[in-house]
Visitor: 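This is the structure I have questions about; it appears just below.
Computed from heavy atoms alone, side chains included, the values below leave out hydrogens, waters and symmetry copies. Every chain is numbered from 1, with letters handed out A, B, ... down the list of sequences.
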Amino acid sequence: MSILVLAEHHDGALAGATAHVVAAAKAIGGDIHVLVAGENVGAIAEAAAKLDGVAKVLVADNAAYAHQLAEPTAALIAELAGDYGHLLAAASTNGKNVLPRVAALKDVAQISEIIAVESPDTFKRPIYAGNAIATVQSEDALKVITVRSTGFDAVGEGGAAAIEAVDFVADNAQSTFVKEELAKSDRPELGAAKVVVSGGRGMGNGENFKLLDGIADKLGAAIGASRAAVDAGFVPNDMQVGQTGKIVAPELYIAVGISGAIQHLAGMKDSKVIVAINKDEEAPIFQVADYGLVADLFEALPELESKL
Amino acid sequence: MKVLVAVKRVTDYNVKIRVKPDHSDVDLTNVKMAMNPFCEIAVEEAVRLKERGVVTEIVAVTIGPKAAQEQLRTALALGADRAIHVQTDERVESLGAAKALAKLVEEEQPALVILGKQAIDTDNNQTGQMLAALTGLPQGTFASEVAVDGDKVAVTREVDGGLQTVELTLPAIVTTDLRLNEPRYAKLPDIMKAKKKPLDVKTPEDLGIEVASKVKLLKVEPPAERQGGVKVGSVDELIDKLKNEAKVL
Ligand SMILES: Cc1cc2nc3c(=O)[nH]c(=O)nc-3n(C[C@H](O)[C@H](O)[C@H](O)COP(=O)(O)OP(=O)(O)OC[C@H]3O[C@@H](n4cnc5c(N)ncnc54)[C@H](O)[C@@H]3O)c2cc1C
Ligand SMILES: Nc1ncnc2c1ncn2[C@@H]1O[C@H](COP(=O)(O)O)[C@@H](O)[C@H]1O
């Protein structure tokens, strides 16, 4: 059976997450097709065609799919689904928005955020904020799955898949796009960065997050945050790492002024090396940190920046 | 207008769950249960809409075992007007819950259904989207702002890149994110009053649906434990370790 992967893309570019989802598709096995849905997505389709292991790229390039609203995008995928045994998407906000809608249109369950493929119908996924790993088996003929990027190494390039246009245009009188306020940053994407420096409530205010900038500059790092820092308005929501935010697993994660609640750990405990800087030596973050520095962050951060 | 709010009984968010020694499931014996935090936010939003005069009636719904009536009583204490319990002892996952909710939407004809974005036990993040598909209604997921205006609702959504605002034609389905509001606590007099509010019990058979999940749970294991590491005495030592021991600098 073939596998259809929904391409993740933003700002006219194919997002890195797609290569991780294709890797999960390869682990399942079968012909891999990638669907690029959006408006003016020709260049994205070409990028998807280069991904290793992709046999065909389907392009639904139409104003109907601009901003990838759930209603038309799910209708499109449900229309195409008949030819496939598996539908996969990244466990991004986009994948999470669209794919369950497709699953219900097809009257099948969805398996969310898989981290491993045991066989074409059996998968591993974290539950309870990652405090348990479930192995689940789907009895549905069509398997609808979102993929956690950190569970699968991205495929490389080198493919040359055929690109085919899809004419189906879903009509949508129910939802309209109003506006977007997207964070602009020259830093690497949180999910893709090799180094992540995150600040928590201990940072005190948004202004103090600048203390992390110099360090992030020197390390080529992305900057993340705890929920408490986002809730307090120090930084925007797209920086939240955790069970209900973004899941990261960089080579190096530096948690500053973060206590280490299970919901935060759920988003970063698969990082290769974890550093914690916290003035409370009892903070639970130290139980998962490879290197813990008990210190006042307002002293430690400037020193760290100058010595890196 | 009428609002339906879906509330799920889950383990309390402070509990670090453990798996059973035989790896058949997680161990819930004597574990504290509570309303899913995202559902608390959903109830709060409905109550605020009612306080602003936008909403006239709030119906709280749960699908689950008898004990889940506790969470319905909490919703009633927080301001819901009545509750519906779809009682079952099956392991209900998102699709089953969405099917039950879809039937109730058909019966109740609410203008808005508010759900949490994610249940913190299964971490599925599916039910609202599935309910939207089953009812053919538009969806505003991961909401940090909900503004009803006539027959439209503008929903600001927390997305990976920042915020996105969509406008939906009512009736519509909304799922809550953390920044939508800060839920209140139930006051004792309201908890007493909630005991007298109507709570209807139905079964999946009454609704003509099956709720049991078709996804088999084969086993549940603990995650790979991380070894706690060492404490370093200074920034210099930290940099030295990162360079020479961990080799990540
Ligand atoms: C449904 C739900 C979902 C959630 N999802 C998430 C999620 O996705 N991500 C997430 O992060 N959280 C999430 N949480 C919240 C989580 O439970 C914690 O409340 C949160 O992670 C705490 O953030 P914090 O560590 O920054 O703040 P705190 O717990 O307040 O910790 C602040 C730390 O800073 C230290 N500190 C203070 N001043 C200094 C200083 N000068 N120098 C050094 N250290 C200092 C303190 O010792 C303390 O350890 C969720 C909670 C719920 C209920
Ligand atoms: N059994 C249930 N009973 C009532 N509401 C539910 C149930 N399961 C899920 N929901 C609703 O759907 C939301 C998201 O759950 P899920 O998609 O399963 O992670 C929850 O916050 C609830 O609002």
Visitor: Give me the contact list for residues 276-287 of chain A versus chain B, heavy atoms only, anything under 4.5 Å, ordered by residue number.
Guide: A:Glu281, A:Phe286, A:Gln287

Visitor: Salt-bridge test for A:Asp290 and B:Arg226: reply yes if a basic N is under 4.0 Å from a carboxylate O, no otherwise.
Guide: yes

Visitor: If you count heavy-atom pairs under 4.5 Å between each of A:Asp238, A:Asn131, A:Asn237 and chain B, which one has the most?
Guide: A:Asn237

Visitor: Please test B:Leu242 against A:Val275 for side-chain contact (heavy atoms from CB on, under 4.5 Å), starting from the C-alpha separation and ending with a verdict.
Guide: CA-CA 9 Å; B:Leu242 291 176; A:Val275 170; 3.7 Å; yes

Visitor: What residue, out of B:Val248, B:Thr169, B:Val232, has the most heavy-atom pairs lying under 4.5 Å from chain A?
Guide: B:Val232

Visitor: Below 4.5 Å from any heavy atom of chain A, which atoms of B:Lys117 appear? Answer side chain, backbone, both or neither.
Guide: side chain

Visitor: Please tell me whether B:Asp123 and A:Gln243 have a donor and an acceptor in their side chains that are separated by less than 3.5 angstrom.
Guide: yes

Visitor: Can you say whether B:Arg157 sits under 4.5 Å from chain A via the side chain, the backbone, both, or neither, judging by heavy atoms?
Guide: side chain

Visitor: Counting only non-hydrogen atoms closer than 4.5 Å, does B:Val153 touch chain A with its backbone (N, CA, C, O), its side chain (CB onward), both, or neither?
Guide: neither

Visitor: Chain B: which of A:Asp270, A:Thr135, A:Ile127 shares the most heavy-atom pairs with it under 4.5 Å?
Guide: A:Thr135

Visitor: In terms of heavy-atom proximity below 4.5 Å to chain B, should A:Ala74 be classed as side chain, backbone, both, or neither?
Guide: neither

Visitor: Select, from A:Arg125, A:His10, A:Glu251, A:Lys184, the one with the greatest count of heavy-atom pairs under 4.5 Å involving chain B.
Guide: A:Arg125

Visitor: Considering only heavy atoms, which portion of B:Val159 lies under 4.5 Å from any heavy atom of chain A: side chain, backbone, both, or neither?
Guide: both

Visitor: Determine yes or no for a side-chain-to-main-chain donor-acceptor pair under 3.5 angstrom, with A:Ser112 supplying the side chain and B:Asn124 the backbone.
Guide: yes

Visitor: Please state whether the side chain, the backbone, both or neither of A:Leu69 comes within less than 4.5 Å of a heavy atom of chain B.
Guide: side chain

Visitor: Find the one option among B:Ala133, B:Ala246, B:Ala224 whose heavy-atom pairs under 4.5 Å with chain A are most numerous.
Guide: B:Ala133

Visitor: Is the closest side-chain heavy-atom distance between B:Val235 and A:Leu293 below 4.5 Å?
Guide: yes

Visitor: Under a 4.5 Å cut-off applied to non-hydrogen side-chain atoms, are A:Arg227 and B:Leu178 in contact?
Guide: yes

Visitor: Given side chains that start at C-beta, do those of A:Glu118 and B:Leu218 come closer than 4.5 Å, heavy atoms only?
Guide: no

Visitor: Within a 6.0 Å radius of atom CD on A:Glu303, are there more than 12 heavy atoms belonging to other residues, nucleotides or ligands?
Guide: yes

Visitor: Between B:Phe38 and chain A, with a heavy-atom cut-off of 4.5 Å, which part of the residue counts as in contact: side chain, backbone, both or neither?
Guide: side chain

Visitor: A:Gln263 versus chain B, heavy atoms under 4.5 Å apart: side chain, backbone, both or neither?
Guide: side chain

Visitor: Under a 4.0 Å N-O cut-off, is there an ion pair linking B:Lys99 with A:Asp107?
Guide: yes

Visitor: If you count heavy-atom pairs within less than 4.5 Å of chain B, which of A:Ala78, A:Ala295, A:Ser271 leads?
Guide: A:Ser271

Visitor: Drop me the distance from A:Lys96's NZ to B:Asp160's CG, to the nearest 0.5 angstrom.
Guide: 7.5 Å

Visitor: Tell me whether B:Gln126 contacts the main-chain N or O of A:Gln110 through its side chain, where contact means a donor paired with an acceptor under 3.5 Å.
Guide: yes

Visitor: Using non-hydrogen atoms and a 4.5 Å limit, figure out which bit of A:Gln240 sits close to chain B: side chain, backbone, both or neither.
Guide: side chain

Visitor: Tell me which of these, A:Asp121, A:Leu219, A:Val230, has more heavy-atom pairs under 4.5 Å with chain B than the rest.
Guide: A:Val230

Visitor: Check whether A:Ala173 gets within reach of chain B through its side chain, its backbone, both or neither, counting any heavy atom under 4.5 Å.
Guide: backbone

Visitor: Need one label for A:Ala183: side chain, backbone, both or neither, based on atoms under 4.5 Å from any heavy atom in chain B.
Guide: both

Visitor: Are side-chain heavy atoms of A:Leu308 and B:Leu249 found at a separation under 4.5 Å?
Guide: yes

Visitor: With side-chain contact (heavy atoms from CB on, under 4.5 Å) as the test, would you mind laying out the steps for A:Thr176 and B:Leu168 before giving the verdict?
Guide: CA-CA 7 Å; A:Thr176 49; B:Leu168 314 174; over 6 Å; no

Visitor: State whether a side-chain donor-acceptor pair under 3.5 Å links A:Glu180 with B:Thr165.
Guide: no

Visitor: A:Val108 versus chain B, heavy atoms under 4.5 Å apart: side chain, backbone, both or neither?
Guide: backbone

Visitor: Taking C-beta and beyond as the side chain, do A:Lys179 and B:Glu167 meet within less than 4.5 Å on heavy atoms?
Guide: no

Visitor: Are any of the side-chain heavy atoms of A:Asp231 and B:Arg179 separated by less than 4.5 Å?
Guide: yes

Visitor: Quick one: what part of A:Leu304 sits under 4.5 Å from any heavy atom of chain B, side chain, backbone, both or neither?
Guide: both

Visitor: Does A:Glu71 reach the main-chain N or O of B:Gln139 with its side chain, forming a donor-acceptor pair under 3.5 Å?
Guide: yes

Visitor: Taking side chain to side chain donor-acceptor pair (under 3.5 Å) as the test, write out the residues that go with A:Arg187, two or more places apart.
Guide: A:Asp213, A:Asp217

Visitor: B:Ile239 versus chain A, heavy atoms under 4.5 Å apart: side chain, backbone, both or neither?
Guide: side chain

Visitor: With only heavy atoms counted, which part of A:Ser185 is less than 4.5 Å from chain B, the side chain, the backbone, both or neither?
Guide: neither

Visitor: Heavy-atom distance under 4.5 Å to chain A: side chain of B:Ala132, backbone, both or neither?
Guide: both

Visitor: Using non-hydrogen atoms only, which part of A:Leu182 is less than 4.5 Å away from chain B: side chain, backbone, both, or neither?
Guide: both

Visitor: Tell me, out of A:Ser92, A:Ala91, A:Ser138, who's got the most heavy-atom pairs with chain B below 4.5 Å.
Guide: A:Ser92

Visitor: Under a 4.5 Å heavy-atom cut-off, does chain B meet the side chain of A:Lys307, its backbone, both or neither?
Guide: both

Visitor: By a 4.5 Å heavy-atom criterion (distance strictly below it), what part of A:Lys218 contacts chain B: side chain, backbone, both, or neither?
Guide: neither

Visitor: Are the side chain of A:Gln174 and the backbone N or O of B:Gly136 linked by a donor-acceptor pair below 3.5 Å?
Guide: yes

Visitor: So for B:Val230, is it side chain, backbone, both, or neither that comes closer than 4.5 Å to the heavy atoms of chain A?
Guide: both

Visitor: When you compare the side chains of B:Glu245 and A:Tyr291, does any donor N or O come within less than 3.5 Å of an acceptor on the partner?
Guide: yes

Visitor: Measuring from B:Lys219:NZ to A:Thr122:OG1, what's the distance to the nearest 0.5 Å?
Guide: 10.0 Å

Visitor: Is it the side chain or the backbone of B:Ser213 that comes within 4.5 Å of chain A heavy atoms, both, or neither?
Guide: neither

Visitor: Checking heavy atoms, do the side chain of B:Leu238, its backbone, both or neither come under 4.5 Å from chain A?
Guide: side chain

